[in-house]
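Report on one structure; see the data block that follows.
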Amino acid sequence: MPELPEVETVRRGLEKLIVGSKITDVQLPYPKVITGDSQQFVTGVLNAEFEKISRRGKYLLLQLSNQHTIVSHLRMEGQYSVEPSDTEPYKHTEIIFGLSDNRALFYNDTRRFGRMILTTTGFEMTEVPSLAKLGPEPTEEQLTLSYMKTIFAKSKRPVKTFLLDQTQIAGIGNIYADEVLWQSKIHPKTPASMLSDVELIVLRENIITEIKRATDHHGTTVHSFSNVFGEVGKFQNELEAYGRVGESCLRCGATMIKIKVGQRGTTFCPVCQVEKK
DNA sequence: AGCATTGTTCATCA
DNA sequence: ATGATGAACAATGC
């Protein structure tokens with residue numbers, strides 16, 4: 001499940017492997033992966049070079065040399081791989097960019113939920129509204145304590161739901177939401193506005209360090225995530241809450257339980273993470 | 001075979 | 001107008 005650390009891992013791989021390569025051919029076995037006119041997409045990227053790979057939240061931005069930028073969202077299981085040009089597409093390969101150097105960039109997606117859209121460079125925000133609405137990146141510099149205080153004070157939604165809202169903070173998904181709440185000893189259903197200043201300080205610190213640690217470990221591989229090199233992440237070995245339902249809490253030994261919060265599976269420790277009412 | 005899975009968007013309601 | 005909530009959606013595996 002690519003959240004920020006996984007998407008950043010993919011970004012670094014793409015940066016290393018395809019910047020400077022020219023797109024000489026495009027195959028589209030699954031045209032629905034393209035939002036908008038898929039024919040325009042093909043003509044728009046053909047003969048351009050990959051110039052710069054960046055990321056905002058969970059979105060990848062593949063900037064080309066011709067004033068176009070591909071905005072790519074991996075959703076649940078989207079994945080890129082670089083292959084020799086004669087490699088046969090896989091069962092779930094949705095787009096193949098043939099490159100001038102006898103390689104090909106594959107986009108594979110078993111769930112077929114991921115999407116790509118071609119935008120004009122510099123107008124990505126206008127053309128992809130959800131990009132424009134993203135909250136700050138979860139970093140020391142961008143996610144300030146005063147911002148945290150402001151947004152949390154305004155919402156009565158469960159803190160878990162709030163953390164998943166990309167318009168508040170960009171990049172957190174189900175795995176890291178469960179992790180940082182466990183680390184912060186906060187019950188996932190606590191209304192955002194009920195968190196104390198101290199809790200917000202702790203939560204902020206945990207968000208920032210957890211995202212950084214997971215990125216350093218090349219992300220978490222739960223079902224299928226792998227980077228451009230086909231390597232899985234290493235952070236699944238570090239998880240303290242997500243997926244540990246029925247196991248004992250690493251802090252107090254109580255049995256971890258799983259509930260639904262805002263329709264999302266949520267694992268936490270009922271002893272350490274006490275509900276405030 | 002129905003349920004779980006996820007992030008985003010949209011409709012609805014207070 | 002605003003915020004909150006729930007459902008829908010994409011498709012697959014178990």
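Here is the naming used below: chain letters follow the sequence lines, and residue numbers restart at 1 for every chain.
Among the heavy atoms of the strands, none lies under 4.0 Å from A:Thr161. Counting non-hydrogen atoms under 4.0 angstrom, A:Gly173 reaches the backbone sugars and phosphates but no base.
Residue A:Asn174 contributes atom CG, which lies 8 Å from atom P of B:dT5 at whole-angstrom precision. The interatomic distance linking A:Met76 (CE) with B:dT8 (P) rounds to 13 Å, in whole Å. Following rounding to the nearest Å, A:Gln168 (CD) and B:dT8 (C1') show an atom-to-atom distance of 15 Å. To the nearest angstrom, P of C:dT12 lies 10 Å from CD of A:Glu77. Rounded to an integer number of Å, the gap from CG of A:Leu164 to P of C:dG6 is 15 Å. Between A:Lys91 atom NZ and C:dA11 atom P there is a gap of 14 Å when expressed in whole angstrom units. Atom P of nucleotide B:dT5 and atom CD1 of A:Ile175 are separated by 12 Å, given to the nearest angstrom. Between A:Leu163 atom CG and B:dT6 atom P there is a gap of 15 Å when expressed in whole angstrom units.
In this structure, the nucleotide among B:dT8, C:dA4, C:dA11 sitting nearest to the side chain of A:Lys58 is B:dT8. Among the nucleotides C:dA10, B:dG7, C:dT5, the one closest to any side-chain atom of A:Lys32 is C:dA10. Distance from the side chain of A:Arg111 is smallest for C:dG13 among the nucleotides C:dA4, C:dA10, C:dG13. Picking from B:dT5, B:dG7, C:dA10 the nucleotide with the shortest atom distance to the side chain of A:His73 gives B:dG7. Between C:dT12, C:dA10, B:dT6, one nucleotide has an atom nearer to the side chain of A:His92 than all others, and that is C:dT12.
A side-chain contact (heavy atoms from CB on, under 4.5 Å) with A:Val159 is found for one member of A:Val180, A:Thr190, A:Leu164 and no other, namely A:Thr190. Of the candidates A:His92, A:Glu77, A:Arg115, A:Glu77 is the only one forming a side-chain contact (heavy atoms from CB on, under 4.5 Å) with A:Asp109. No option in A:Phe106, A:Phe50, A:Tyr107 other than A:Tyr107 meets the ring-ring contact (aromatic ring centres under 6.0 Å, His included) test with A:Tyr80.
The rotation axes computed at either terminus of the helix from B:dG2-C:dC14 to B:dA14-C:dT2 lie 50° apart, taking five pairs at each end and rounding to 10 degrees.
Not one side-chain nitrogen or oxygen of A:Lys154 sits closer than 4.0 Å to the OP1 or OP2 atom of C:dG3. Residue A:Gln166 has a polar side-chain atom (N or O) positioned under 4.0 Å from OP1 or OP2 of B:dT8. In terms of phosphate contacts, A:Tyr242 brings a side-chain nitrogen or oxygen within less than 4.0 Å of OP1 or OP2 of B:dT6. The shortest distance between the side-chain N/O atoms of A:Thr110 and the OP1/OP2 oxygens of C:dA11 is not below 4.0 Å.
A donor-acceptor contact closer than 3.5 angstrom is absent between the side chains of A:Glu124 and A:Thr119.
Note that CG of A:Asn206 and CG of A:Leu181 are 9.5 Å apart. Values are rounded to the nearest 0.5 Å. Between A:Leu62 atom CG and A:Thr69 atom OG1 the span is 8.5 Å, to the nearest 0.5 Å.
For residues 258-270 of chain A, proximity to DNA chain B is found at A:Lys258, A:Lys260, A:Arg264, defined as any non-hydrogen atom under 4.0 angstrom from a strand atom.
Here A:Lys160 pairs with A:Asp178 in a salt bridge; the nearest charged N to carboxylate O distance falls below 4.0 Å. Ion pairing between A:Arg12 and A:Glu15 fails under the 4.0 Å rule for side-chain N and carboxylate O. Classification of A:Asp165 and A:Arg157 as a salt-bridged pair holds, one side-chain N sitting under 4.0 Å from a carboxylate O. At a threshold of 4.0 Å, the pair A:Glu94-A:Arg112 counts as salt-bridged, since one of the basic side-chain nitrogens sits closer than that to a carboxylate oxygen. A salt bridge is defined here as a Lys NZ or Arg NE, NH1 or NH2 lying under 4.0 Å from an Asp or Glu carboxylate O, and A:Glu137 with A:Arg55 meets this definition.
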(request) Evaluate the criterion side chain to side chain donor-acceptor pair (under 3.5 Å) for residue pair A:Tyr90 and A:Glu83; output intermediate values, then yes/no. (result) CA-CA 11 Å; A:Tyr90 304 110; A:Glu83 316 273 356; 3.0 Å; yes
(message) One character per nucleotide, please: for nucleotides 9-14 of chain B, 5' to 3', B when the base has a protein heavy atom closer than 4.0 Å, S when only the sugar-phosphate does, - otherwise.
(response) S-----
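Positionally, the nearest nucleotide of DNA chain C for A:Lys156 lies more toward the 5' end than for the other of A:Lys156 and A:Tyr30. Mapping A:Phe113 and A:Phe162 onto DNA chain C by nearest heavy atom places A:Phe162 at the nucleotide closer to the 5' end.
The aromatic rings of A:Phe41 and A:Phe97 sit tilted, their planes meeting at an angle between 30° and 60°.
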